[in-house]
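Data first, discussion second: the structure below is written as structure tokens.
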There are 2 protein chains.
Amino acid sequence: MAARVTITEVAARAGVSISSVSAALNGRPGVSDRTREKIVALAEELGFVPSVRGRSLAGKRTYAVGLVVHRDPDVLELDPFFGAFIGGIESYIDRYGFALVLQTSSSRDQVLDRYRRLAAGRRVDGVFLNELEVDDARIDVVRELGLPTVGINADADFPLPSVRQDHAEGIRDTVEHLVALGHRDIAFVGGPPHYVHSRQRERAWRESITACGLSPRRVVLGAFTYESGLAAAAQLLAGDERPTAVVCANDLSAMGFIAQAEHLGLSVPRDLSVTGFDGIQLGAYLRPSLTTVQTSPKALGAEAARMLLALLDDVDVADTDIPAASFVVRDSTGPAPR
Amino acid sequence: MAARVTITEVAARAGVSISSVSAALNGRPGVSDRTREKIVALAEELGFVPSVRGRSLAGKRTYAVGLVVHRDPDVLELDPFFGAFIGGIESYIDRYGFALVLQTSSSRDQVLDRYRRLAAGRRVDGVFLNELEVDDARIDVVRELGLPTVGINADADFPLPSVRQDHAEGIRDTVEHLVALGHRDIAFVGGPPHYVHSRQRERAWRESITACGLSPRRVVLGAFTYESGLAAAAQLLAGDERPTAVVCANDLSAMGFIAQAEHLGLSVPRDLSVTGFDGIQLGAYLRPSLTTVQTSPKALGAEAARMLLALLDDVDVADTDIPAASFVVRDSTGPAPR
DNA sequence: TTGAAAGCGCTACCAA
DNA sequence: TTGGTAGCGCTTTCAA
């Protein structure tokens, strides 16, 4: 283990006290410009990097933020959203010397426990809450722990600061696009109803359909997986009177839906139009490429990080909206069959 | 912020010294059983969780391990491997009170810098090195930093401890399966050649082909993406004399390959057999479902974590092999067209 | 403008 | 078997 330069060493070599070094390096007042320059130069030369542990013990910070991801044990594959979301968080926190502590856990109770331990062990200064659920138990936990928290895509009644990206506009555009193409029977494949975003997307679909003078009839709830898209298609396309278009609550289920439709001998978009939501990269390359709503997980992560760090500085933060997710027309939608 | 229970408080309430509390709670000798029990019970009752920062400053540990993931800025979506890999790491480290610090970065230089800073700030006690590259620059960095490190799926000449899952056997099975089905012209779609695992898979394909008395002729190098699978198919299936089977170095490119093949009017597996590698969940549900080699990212993560924590305890660790990735026959392979 | 010193919460050593 | 205490590396008062 390479010997590490500590503040004591920097101070000794600079011939000043460690408090001066601390002040100089942290931009605090109380050191003359000349002394500051000398210290900064020396620290640089020695490759001094303050120990996060010493600093965090003395200060009130750990310089880390946490995210706990809930995955079913059998669905350990993270959804494509995550890479970009995490990348967004880091693109912001990195410049402030923060790190991200990521935990995954397979049961809901364990998730709560993880948040508790992150807080109790003072492992992190704050956390993100994403994939929010209806009456999410994590909310009480973080409040009780006094843990600074930022919610992602929360509902309006969410009691903590949150970042949102509007989804309704994109879904409305999707429905209007389909209606303009002559579709009158537009089904919906949703996600698990305990997720806030599942409900949000279904509501948006429902309202858009109604606004177009149609009635929101056919809904199948899936699991945001490819497999559930297959199943939804099997169900919706079984009878005689099948929809001519289907709005899926995410891209993965739309992919499954299309696959099953084609398996049943239907051609997309000739016999059936299918849309997704998320804007995963794969969607652009599929055949047919997927008409979808492009979300911005990276921007969401960056903005959430900005808010969380502001919270830590006791800055009052207002809920933020990043630019709405935008509708993207590709090849999986076309004129309604007559 | 909820007032936190510290070791001092536990000691005061138990009427013992903090050193006894520390010894009792950490299973160190030097406390009577009765005292230990009393302390443990009280700590439990008070909800005492040792502060990681205090502990890490005093001890030599930070109780965190790090992973830096390199993603191209435009390919921010993590590959499906990651969720399970991270889950595997955590399933192990969690019980020892360790956390995972995850960083993503978009440039290669930045990756090195991240490892340096994780080490310099004493943010982590050790790191994982995955997606190893040929002459990987990270190796020198972690050595120079004296940072305990475990490599994932490294080559035999890797100078640090590593965990491996054999890939060659699965690829050999794949090739033999295709040969048994009558295929004689079996192409390969590889990954970027600077990755160790790209080369490993190509070599395994090459050796298997040769072992079957065929010659490894057609190789197209892709990027492990769906898109590159599309491109590879466009290239390999263009001419008159096209292969009857294609072994792809990962599932995603196999999916792209199949999509493009079908786009060109070929039916899989009737006209063309295609295989993947990884065993992502999607592959089981695709139509046709994907014949592939099932890897075990979760087990790999867990084993890597075990090794890393052993390294931190100065235990000598030998390189480990987890059970080989296994060949899985599904619907994307069939008899060679005559 | 500087430096000395008191912690932060814990571990680990040594003396009782 | 216990408790006292010296750090770990830093931040933050408070005096000089």
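Residue numbers start from 1 in every chain, and the chains themselves are labelled A, B, ... in the order their sequence lines are given, proteins ahead of strands. Side-chain atoms are counted along with the backbone in the values below, which use heavy atoms only and exclude waters and symmetry mates.
Across all their heavy atoms, K60(A) and D125(A) have their closest contact at O-OD1, 4.1 Å. Heavy atoms only, all atoms of each residue included: Y115(B) and F128(B) are closest at OH-O, 2.8 Å. Between R138(A) and L132(A) the shortest heavy-atom distance is NH2-CA, 3.6 Å.
Taking 4.0 angstrom as the limit, S22(A) places none of its side-chain polar atoms (N or O) nearer than this to OP1 or OP2 of dC10(D). Between dT11(C) and R55(B), a contact under 4.0 Å exists linking OP1 or OP2 to a side-chain N or O. For the pair S51(A) and dG9(D), the criterion of a side-chain N or O lying under 4.0 Å from OP1 or OP2 is not met. The side chain of R28(B) contributes an N or O atom lying less than 4.0 Å from OP1 or OP2 of dA12(C).
Heavy atoms of T35(A) sit under 4.0 angstrom from primed sugar atoms or phosphate atoms, though from no base atom. Nucleic acid contact for S32(B): sugar-phosphate only, since backbone atoms but no base atoms lie under 4.0 Å from a heavy atom of the residue. Using a 4.0 Å heavy-atom distance criterion, G15(A) is classed as a sugar-phosphate-only contact. Residue F48(A) is classed as a sugar-phosphate contact, given heavy-atom separations below 4.0 Å to backbone atoms only.
The only option from I152(A), D321(A), T320(A), N153(A) that meets the side-chain contact (heavy atoms from CB on, under 4.5 Å) definition with Q165(A) turns out to be N153(A). When V52(A), V124(A), L312(A) are each tested for a side-chain contact (heavy atoms from CB on, under 4.5 Å) with F98(A), only one passes: L312(A).
In terms of position on DNA chain C, the residue among S19(B) and R53(B) whose nearest nucleotide sits closer to the 5' end is R53(B). Comparing A58(B) and V16(B) against DNA chain D, the residue whose closest nucleotide sits nearer the 5' end is V16(B). Ranked by how close their nearest DNA chain D nucleotide is to the 5' end, S56(B) and N26(A) are led by S56(B).
Salt-bridge check for D155(B) with R164(B): failed, with every basic side-chain N at 4.0 Å or more from each acidic carboxylate O.
An end-to-end axis angle of 50° holds for the helix from dT1(C)-dA16(D) to dA16(C)-dT1(D), taken from five base pairs per end and rounded to 10°.
In this structure, I7(B) places its CD1 atom 16 Å from P of dT5(D), rounding to the nearest Å. The separation between L57(A) atom CG and dA6(C) atom C1' is 13 Å, rounded to whole Å. Atoms CD1 (I18(B)) and P (dG9(C)) sit 11 Å apart, rounded to a whole Å.
A side-chain donor from one of S17(B) and S20(B) sits under 3.5 Å from a side-chain acceptor of the other.
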